[in-house]
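Step one of this worksheet: look at the structure below.
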Amino acid sequence: MAMKKKRYALVIDSRKCINCKACVVACKAENNVPIGNFRNRINEERKGEYPKLSINFEPEQCHHCAEPSCVRVCPTGASWQRKDGIVLVNYDECIGCRYCMVACPYDARYFNEEQGVVDKCTLCSHRVDKGDTPACVETCPSKVRVFGDLEDTSSRIHELLSTRRYRVKEPQTGNGPQLYYLL
Amino acid sequence: MHEFNWGLLIVIYLFLGGLSAGLFFAAGLADYMTVDDKPVYARVARMGAFLAPWPVAIGSGLLILDLGNWYRFYKLFIHFRWESPMSIGSYLLTIFTVIAFLYLFAWLTADERQWLFSKVPATWKQVHRLNVDISSWRGKIAMVGFPFSIGVGIYTGVLLGAVSARPFWNTNLVAQMFLFSALSSGAAALMLAMVLNKKSPAEKHEIKFLVTLDVVFISLELFIILPYLIHGQLSSLAVKQALSLILGGPYTFVFWGPFLVMGLLVPLAIEVYELAPNIFKGHEFHGSRNLALTAAGLVLIGGFLLRYIFVYAGQVSSFHQMGMLN
Ligand code: SF4
Ligand code: SF4
């Protein structure tokens, strides 16, 4: 049976984000992320002064770039990309040189001191492969995050990206980031 | 605000790798320089050959210890990834180190060679077979080693320059800057060793050779740094902001003071002061011992600071910290 081509991505409606950090906690629990490290974060952008103060919350994690610079620089091939676009680290091959951390324009990676390897968001590939959604997507109470396959024209994220305006962060990095922020 | 993934060990590694490249280059050049077919700089070449392999060997050792899993370093050599500067560099560095040790071996006197092999147990027959005189290969080894030494010098820059995510590094001038800085550090280290060698004091023409070499390399380095600054100012916003790290930002002082003035301009001035009367007025070259030591010491410190500034400032630079300095 011929497999249909897949391209996983996340659409993020950051205006709905209330900075409850449920996604951060869910990710840590799901993936056993060491204390002090995070695979996702909420960026806060403040504008103006009190009382005319506004804050934007913008969830961010690995962008699972189309042209991932982390994969390009890895000397051992430990950082690699699946056919469906998910960028992963093969922990057995990682020597802990941290070149990929330096080379990631989105600071999406962290160093696991205990194991001496680099780690980051896996887009919960273990859940996705079973047909589930990533833990952060499932847990988000304000439905900020939409996970799906860009190649599937009937998917929700396909619909969102074809009807709504959106942006990606710093496209000038040339990495082809795949977190789509709705405007 | 920003944590550094690469620290002092990377700085030291880049510095030592470049230093070896520069030492080898200067030694090989001295090997080739003859006056009336006589090898007048043979002692310089020998000293360079003796020093060249060690910094890179130590530096590579340090880098391996800096890895998260140091015992997995062999994985660097079971993969080859041409897109990864670190992968190419690992092979380059290894080949260069082997050549540098071979070159050292070729410069051993017969006595030194016998002494070395007297330390090897007599039953190790295979090792004793290596006890051969390869001094006639010196020129050939130097010839093969030249491109590798240049390659190592460039690699230390490319490792940073090839990272598109860091605008402070990602210009095509960093590789040359590091190369010329490496060659200059090599000449300076050799000068330091020659002058400090009490047993057979350096002769004037030898110091003059190294001073001349260093003046050329420092000048080349200066004329890469200048375009780097100008080019950066005229470049895209991200590069311009990255440059502000050394133009008003936290690395301004160490860049302009200790590095540019003390590490480049002052030694250049000393060396020109030493050379100029000889070249323009035909006076004898004095070769002041203290001035040579000062210049060489400053060049080495400058070379180290250049790596320090680039490794640290580069990691701070990025595409998304638009208001990073205000
Ligand atoms: S965001 Fe960083 S870690 Fe994730 S794929 Fe892109 S370059 Fe790699
Ligand atoms: S730290 Fe690991 S994954 Fe990252 S570049 Fe080095 S070997 Fe590759």
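Computed from a prediction, not measured in an experiment: that's the story for all the values here. We name chains A, B, ... by the order of the sequence lines, and we start the count at 1 in each one.
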When the 4.5 angstrom heavy-atom criterion is applied to L159(B) and chain A, the contacting part is both
On a heavy-atom basis, the closest approach of H79(B) and P75(A) is CB-O, 4.0 Å
Note: vs chain B, highest number of non-hydrogen pairs under 4.5 angstrom among D92(A), N175(A), V102(A), V73(A) is V102(A)
**Asked** Are any side-chain N or O atoms of W70(B) and backbone N or O atoms of G96(A), one a donor and one an acceptor, separated by less than 3.5 Å?
**Response** no
Ranking L76(B), N170(B), L160(B) by heavy-atom pairs under 4.5 Å to chain A gives rank one to L76(B)
W6(B) and C97(A) have their tightest heavy-atom pair at NE1-O, 2.9 Å
Distance col, row Y91(A):OH vs N69(B):CG, nearest 0.5 angstrom, shows 13.0 Å
Nearest heavy-atom contact between I95(A) and R72(B) is CG2-O, 3.2 Å
dist C74(A):SG -> E83(B):CD (nearest 0.5 Å) comes out at 11.5 Å
Taking a cut-off of under 4.5 angstrom between non-hydrogen atoms, the residues of residues 15-41 of chain A near chain B are none
Query raised in the report: For atom OH of Y181(A), is the number of surrounding heavy atoms from other residues, nucleotides or ligands below 6.0 Å larger than 12?
Result: yes
Here the gap from C94(A) atom SG to K75(B) atom NZ, rounded to the nearest 0.5 Å, amounts to 10.0 Å
Looking only at heavy atoms, the pair that brings A103(A) and V163(B) closest together is CA-CG1, 3.6 Å
Next on the checklist: How about CD on E49(A), more than 12 heavy atoms from neighbouring residues, nucleotides or ligands closer than 6.0 Å, or not?
Outcome noted: no
Residues 109-143 of chain A vs chain B, non-hydrogen distance cutoff under 4.5 Å, contacting residues -> F111(A), Q115(A), G116(A), V117(A)
Heavy-atom nearest pair, R72(A) first then S164(B), reads NH2-OG, 3.4 Å
When rounded to the nearest 0.5 Å, the distance separating CZ of F73(B) from OG1 of T76(A) is 14.0 Å
One option among G314(B), A165(B), P167(B) has the most heavy-atom pairs under 4.5 Å with chain A, and it is A165(B)
Subject >> Backbone N/O of P105(A) and side chain of R166(B): donor-acceptor pair under 3.5 Å >> reply: no
Interatomic distance, CG@D107(A) vs CG@N5(B), rounded to 0.5 Å, equals 7.5 Å
Most heavy-atom pairs under 4.5 Å with chain A, out of S90(B), S84(B), S236(B), belong to S84(B)
TODO: Check whether more than 12 heavy atoms from other residues, nucleotides or ligands sit under 6.0 Å from atom CZ of F223(B), and answer yes or no.
DONE: no
